[in-house]
Amino acid sequence: MKSRLMACAAGLALCVGFGMNAAGASELKFAPGEGPFNWDSYNAWAENAPDLSGQTVTVAGPWLQPEDGFFRNVLAYFTEATGAEVIYTGSDSFEQQIVIDAEAGAAPNIAVFPQPGLAADMAARGLLQPMPDGMGDWVAGNYGAGDSWVDLGTYTDKDGNDALFGFFYNVNVKSLVWFVPENFEDAGYEVPDTMEELKALTEEIVADGETPWCIGLGSGAATGWPATDWVEDMMLRTQPADVYDQWTRNEIPFDDPRVVGAIEEFGWFARDDAKVAGGAGAVASTDFRDSPKGLFSSPPQCYLHRQASFVPAFFPDGVEFGTDVDFFYLPAYAGKDLGNPVLGGGTLMAITTPSDATTELMNFFQLPIAHEVMMAQTGFLTPHKGVNPAAYKDDTLRGQGEILVNASTFRFDGSDLMPGAVGAGTFWTGMVDYAGGKDAKAVAGEIQKSWDALK
């Protein structure tokens with residue numbers, strides 16, 4: 001393994017390179033051989049890593065402080081083994097800048113996209129290069145729901161051919177139900193393993209004279225979006241993933257009976273006064289940031305809240321995970337044989353300017369250590385089945401990582417994949433109308449009309 005001292009570039013650019021300190025030990029975030037990391041696989045790769053001294057890999061993405069520093073700490077292990085310089089540049093206008101740079105022939109070696117839409121567009125324009133040979137097979141075999149990640153990173157190139165352009169690194173989970181363990185224990189409730197059991201639990205709580213769910217769709221100009229997440233999760237639990245994909249691309253109409261059925265699945269929970277805090281009429285007007293607070297009132301206003309991994313930011317101060325609050329995977333139907341689908345999102349890496357050192361860096365990102373160093377520092381989640389879960393910085397992340405690894409299917413938020421006028425427009429407003437009592441088929445038909453108007 002090689003190390004060398006390098007100067008850091010100014011501004012947001014981060015030059016990654018580490019020399020030896022006076023004691024002769026490398027200045028790495030976590031000392032090799034220590035901590036819950038997969039050092040054996042890293043050492044085996046490093047022993048055979050090429051000497052890339054004098055070569056530079058440039059990476060551009062949306063990560064700013066402190067995430068850029070955490071990422072730099074990962075890249076240091078690549079530099080330590082190869083001698084290559086890696087410069088990361090973060091920007092809050094990354095999505096605009098990467099297009100400008102690529103069109104000008106000045107793109108970095110690797111671009112980190114916050115969602116796949118722009119990457120797919122750039123691949124179709126010939127502005128991205130395919131991943132190294134074998135990357136698709138590796139992802140399929142080493143990521144939970146591996147085939148899903150291959151599909152999500154596969155785009156059509158300028159000649160009309162499909163190729164793997166995206167490698168996902170840092171993802172998030174939306175298919176979560178939050179609850180207070182003490183409330184469950186006091187009432188004698190158990191965490192459900194199937195959707196059938198979740199519905200039975202909902203009815204049991206109602207029969208006990210309590211309210212099972214807190215649901216809020218309010219979000220200012222974005223009011224309605226939490227309901228779209230519900231519908232997307234229900235699509236994945238009632239239909240195969242290929243039907244979900246057809247829906248998000250409008251290859252089946254929005255008012256297809258299968259889509260209407262998923263909307264009505266959401267309605268089973270949200271349109272029954274007995275099942276939701278404040279009654280069904282309060283769902284659309286309750287702010288999504290306020291809706292989980294009912295879990296923590298005394299007595300509880302509700303026992304269950306479905307929301308993504310970010311929701312703890314809106315919990316009361318001092319809430320301790322595992323004691324005061326916990327979550328479980330929004331379960332699938334046992335009777336539908338659709339596995340364990342997970343809804344979420346994530347960032348992906350794509351090659352914009354190829355080089356030998358770039359290819360080797362992408363090989364490095366296959367190593368558990370390239371994920372574990374991030375896991376130990378920040379809210380980073382990975383579907384990599386080879387990582388040590390003990391490396392996660394807390395139990396919340398560890399539990400979500402387990403959901404990712406055990407997933408059979410992973411799909412992105414469907415509304416984010418639709419045209420903005422639909423996914424961030426009529427889908428949102430339509431769900432508000434539906435929560436207010438409008439017929440599901442009528443709502444879906446109006447959303448389809450808005451999509452047709454864009455064609």
Qualifying residue for side-chain contact (heavy atoms from CB on, under 4.5 Å) with Val373, from Tyr42, Phe380, Phe30: Phe30

Polar side chain donor-acceptor pair, [X] to [Y], under 3.5 angstrom:
| X | Y | value |
| --- | --- | --- |
| Tyr392 | Glu402 | no |
| Gln97 | Asp101 | yes |
| Gln377 | Asn73 | yes |
| Gln55 | Asp356 | no |

Compare every heavy atom of [Y] with every heavy atom of [X], then report the nearest pair and how far apart it is.
| X | Y | value |
| --- | --- | --- |
| Thr238 | Lys336 | CA-CD, 3.8 Å |
| Thr223 | Trp428 | O-CB, 3.6 Å |
| Gly322 | Pro181 | O-CG, 4.1 Å |
| Ile263 | Ala444 | CD1-CB, 4.2 Å |
| Val173 | Leu381 | CG2-CD1, 4.2 Å |
| Asp68 | Trp63 | CB-O, 3.7 Å |

Check: [Y] and [X] side chains under 4.5 Å, non-hydrogen atoms:
| X | Y | answer |
| --- | --- | --- |
| His371 | Asn170 | no |
| Phe365 | Leu75 | yes |
| Phe321 | Asp326 | yes |
| Leu454 | Asp452 | no |
| Val243 | Ile252 | yes |
| Leu64 | Asp92 | yes |
| Ile369 | Phe364 | yes |
| Tyr155 | Pro116 | yes |

Evaluation steps, side chain to side chain contact (heavy atoms under 4.5 Å, CB included), between Ile87 and Thr56: CA-CA 7 Å; Ile87 300 175; Thr56 299; 4.1 Å; yes

Ring-ring centroid check [X] [Y], cutoff 6.0 Å:
| X | Y | value |
| --- | --- | --- |
| Trp230 | Trp213 | yes |
| Phe315 | Trp178 | yes |
| Phe71 | Tyr88 | yes |

Does [X] use its side chain to pair, donor to acceptor, with the backbone of [Y] at less than 3.5 Å?
| X | Y | answer |
| --- | --- | --- |
| Arg249 | Tyr244 | no |
| Glu85 | Gly54 | no |
| Arg398 | Pro389 | yes |

Tabulate below the donor-acceptor pairs under 3.5 Å that side-chain atoms of residues 412-419 make, not counting sequence neighbours, or state none.
unit_1	atom_1	unit_2	atom_2	d
Asp413	OD1	Ser415	N	2.9
Asp413	OD1	Ser415	OG	2.5
Asp413	OD1	Asp416	N	3.3
Asp413	OD2	Lys174	NZ	2.4
Ser415	OG	Glu232	OE2	3.4

Parallel, tilted or perpendicular: rings of Phe328 and Phe179 (30°, 60°): tilted

Salt bridge (Lys or Arg N to Asp or Glu O under 4.0 Å) pairs, two or more places apart, involving residues 146-168: none

Trace of the side chain to side chain contact (heavy atoms under 4.5 Å, CB included) decision for Val342 with Tyr329: CA-CA 9 Å; Val342 173; Tyr329 164 71; 3.9 Å; yes

Set of salt bridge (charged side-chain N to carboxylate O under 4.0 Å, His left out) partners for Asp287, sequence neighbours left out: Arg289

Counterpart residues, salt bridge (charged side-chain N to carboxylate O under 4.0 Å, His left out), relative to Asp193 (two or more places apart): none

Quick one: [atom1] on [X] to [atom2] on [Y], what's the gap to the nearest 0.5 Å?
| X | Y | atom1 | atom2 | value |
| --- | --- | --- | --- | --- |
| Ile351 | Thr359 | CD1 | OG1 | 5.5 Å |
| Ile215 | Cys302 | CD1 | SG | 9.0 Å |
| Met375 | Thr382 | CE | OG1 | 7.0 Å |
| Trp149 | Thr409 | CH2 | OG1 | 11.5 Å |
| Met235 | Thr228 | CE | OG1 | 13.0 Å |

Check against side chain to side chain contact (heavy atoms under 4.5 Å, CB included), Arg411 and Asp245: CA-CA 9 Å; Arg411 284 297 184 270; Asp245 296 337; 2.8 Å; yes

Going by side-chain contact (heavy atoms from CB on, under 4.5 Å), name the residues that satisfy it together with [X], two or more places apart in sequence or in a different chain.
| X | result |
| --- | --- |
| Ala350 | Phe113, Leu128, Leu348 |
| Pro114 | Pro62, Phe94, Glu95 |
| Val405 | Lys385 |
| Ala107 | Ala102, Thr352, Thr353 |

Where at least one partner belongs to residues 119-137, residue pairs that pass side chain to side chain donor-acceptor pair (under 3.5 Å), sequence neighbours excluded: Glu103-Arg125

Any pair counted as side chain to side chain donor-acceptor pair (under 3.5 Å), so long as it reaches residues 303-313, sequence neighbours left out: Asp233-Arg306

By ring-ring contact (aromatic ring centres under 6.0 Å, His included) - contacts of Trp225 (at least two apart): Phe288

Sequence-distant partners of Trp138, ring-ring contact (aromatic ring centres under 6.0 Å, His included), two or more places apart: Tyr143, His384

CA sep, side-chain torsions, deciding dist, call: Asn250, Gln448, side-chain hydrogen bond (donor to acceptor under 3.5 Å, both in side chains): CA-CA 9 Å; Asn250 206 214; Gln448 181 57 46; 2.8 Å; yes

Worked check of side chain to side chain contact (heavy atoms under 4.5 Å, CB included) between Trp451 and Thr426: CA-CA 9 Å; Trp451 207 325; Thr426 54; over 6 Å; no

Stepwise side-chain hydrogen bond (donor to acceptor under 3.5 Å, both in side chains) check, Asn142 with Gln366: CA-CA 9 Å; Asn142 290 276; Gln366 298 177 19; over 6 Å; no

